[in-house]
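When reading the values below, keep in mind they use all heavy atoms of this one structure, side chains included, and skip hydrogens, waters and symmetry mates. Since the model is a prediction, treat every value here as computed from it, not as a measurement. So that the names make sense, note that chain A is the first sequence line, chain B the second, and so on, each numbered from 1.
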Protein chains: 2
Amino acid sequence: MKTGVAELISDRMDSMPAGERRAAQALIAGYPVVGLKTVAEFSQVAGVSSPTILRFVARLGFHNYPEFQAALQDELAAQLQSPASRAGLPQPSRRGGVPPTVEATLENIHETFRHVSEKQIADMVTLLSNPKAAVFLIGGRFTDPVAHYMAAHLTIIRPNVLHLAGQESNWRDRLIDMGKRDVLLIFDIRRYQESLARFAEKAHQRGVHIILFTDQWLSPIARFARHVVVGRTAVPSPWDSSAALFVVAETLIGELTRRLEADSARRIGEMEGLR
Amino acid sequence: MKTGVAELISDRMDSMPAGERRAAQALIAGYPVVGLKTVAEFSQVAGVSSPTILRFVARLGFHNYPEFQAALQDELAAQLQSPASRAGLPQPSRRGGVPPTVEATLENIHETFRHVSEKQIADMVTLLSNPKAAVFLIGGRFTDPVAHYMAAHLTIIRPNVLHLAGQESNWRDRLIDMGKRDVLLIFDIRRYQESLARFAEKAHQRGVHIILFTDQWLSPIARFARHVVVGRTAVPSPWDSSAALFVVAETLIGELTRRLEADSARRIGEMEGLR
DNA sequence: CCGACGCTGTATCGTATGTTACGATTTTTG
DNA sequence: CAAAAATCGTAACATACGATACAGCGTCGG
């Protein structure tokens, strides 16, 4: 039975000393190329000494280093030569390659983007690309980190970005600063938070453009939103998954960065100068 | 301009002597694996002598054999890292909707879970399932929201969970509370933050179990980590993507919830009662 | 607190590897 | 057809590579 080197590693990884484990991680990170280099180079990449590398390969069951390299080469040859190698056979042990909940997540992301048109994304990016208009972000109990993540990026590429966090009384007072040209990004999945809905309504009354990220059951805030992004959240797990919304957020960040390229490049340059 | 080795060969193939041409054909036939073997083996496969191999690589423009091998390795590394070559496009039916960056993200998630074994996940879950041991979470500039997201869930299903946020001086003092049984979850992708590394080292000296979420270039914290999760972050965008790490985090949350089902159900019940 | 064990790095050794010189053989050219 | 040129293989060489012995160090158990 020909068991792959990568599996050998993940099997015995935990029964290894610290140094050899570093070797294992370095090999996985640059698989399999670093294993084809010399022992000295390998050791340097892994940050350990040469003998540790040799002990590492010995623990995997090889009698010497060349034998270990030969195994890698055979594996590589088999992988590259078979034209059907694209289907994802490299892990014969694990069926489907990924755990079911991850598979569901992948499916969710895919499905989410089938319903979010590129035009919709472009429209939202346009809204966000006006540097005069302020951008506010807020989220619910589990989704606020996603809002935070998005805010961390937006702050870099454009001014007037504010993540509304902390005490409710804290951000409620920010309503006073919101005007017709401004944008409010809300993340809200079930169970939908009452406080968020109240906040959204007030903002809506002030003429703020609301962009809502929610799940397929639609937060009540959708009523006030200019744009609604529906992300699939169902996974075989006790929790809902926010991964799809996370990816949508990253996509918006990327697109907006592209759009503002000229301006944001100068801005980033200035920021570097301030260090 | 970096022209591939294979192209170099086909360019100059016809201006080669018979022996070197045999070498070229042998290399193309088993590309690039035979080129990574020793000169003697290469010569044997090609059916020529060692010096002929040397003259062959010299004609391609390389000064010596190791330089030639290094070029092959670089080429191979670049080829393996770009997902387009391998897993390719397993979904030819619905390639329409998703933008390229999303496609890359999906591929990243898939690839990430090829290297994270289920056993590794199970081990990490075991570490996290001890309610006596405290769990601390921290992240870098862009990844701290992911840590926050994970903390929000963990807090519900088990006690002694603390997200280290805010001022550096703030969480540094928390070291005093960390002991040998405790677990520290760190998210760190490039550019790796100096402050995080210092913190990790201190925690490591106190005997804390460190679980590291990083990118394929391995944060220096890997040196101190008991478990290292390598997430793919490359996307066709100015930013790196944290989506893969996000999904890993969700997976851990789900698995841990399942493991603690009995305890956490009672705990959640109590929480409901407190409203 | 102390002894034993295991892990890791430094230094050293033998050897396999890449490299070069030179002569044999084939191919080319006048 | 002969001489010259070019190509190729055999053999000797030097380097650097993998392998090993040993000592320092931290860690665990008594």
Kindly list each side-chain donor-acceptor pair under 3.5 angstrom involving residues 168-180 of chain B, sequence neighbours excluded, with atom names and distances?
{"from": "B/Glu168", "atom 1": "OE2", "to": "B/Arg198", "atom 2": "NH2", "distance (Å)": "3.3"}
{"from": "B/Trp171", "atom 1": "NE1", "to": "B/Gly166", "atom 2": "O", "distance (Å)": "3.3"}
{"from": "B/Trp171", "atom 1": "NE1", "to": "B/Gln167", "atom 2": "O", "distance (Å)": "3.2"}

- Task: Give a yes-or-no answer on whether the side chains of B/Arg259 and B/Thr126 include a donor-acceptor pair shorter than 3.5 Å.
- Result: yes
- Looking only at heavy atoms, what is the nearest atom pair of A/Tyr149 and B/Asp240, with distance?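 Nearest pair, atom of A/Tyr149 first, then B/Asp240: OH-O, 3.9 Å.
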- Query: Would you call the rings of B/Phe246 and A/Phe246 parallel, tilted or perpendicular if under 30° counts as parallel and over 60° as perpendicular?
  - Reply: parallel
- Message: Can you classify the ring geometry of A/Phe68 versus A/Phe56 as parallel (below 30°), tilted (30 to 60°) or perpendicular (above 60°)?
- Response: perpendicular
- Query: Between B/Glu255 and B/Arg258, is there a side-chain N and carboxylate O pair less than 4.0 Å apart?
  - Reply: yes
- Query: Do NZ/NE/NH1/NH2 and the carboxylate oxygens of B/Arg114 and B/Glu111 come within less than 4.0 Å?
  - Reply: yes
- Message: Applying a 4.0 Å non-hydrogen cut-off, can you work out what A/Ser49 is touching in the nucleic acid: base, sugar-phosphate, or nothing?
- Response: base
- Would you kindly compare B/Arg21 and B/Lys180 by the position of their nearest DNA chain D nucleotide and give the one closer to the 5′ end?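 The residue closer to the strand's 5' end, by nearest nucleotide, is B/Arg21.
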- Message: Around atom CD of B/Gln44, are there more than 12 heavy atoms from other residues, nucleotides or ligands closer than 6.0 Å?
- Response: no
- At the 4.0 Å heavy-atom cut-off to chain A, mark where contacts on DNA chain C begin and end, going 5' to 3'.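 The contacted stretch runs from C/dC7 to C/dT10.
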- Message: Each nucleotide in nucleotides 13-21 of chain D should get exactly one letter: B, S or -. Can you fill that in based on protein heavy atoms under 4.0 Å?
- Response: ----SSBB-
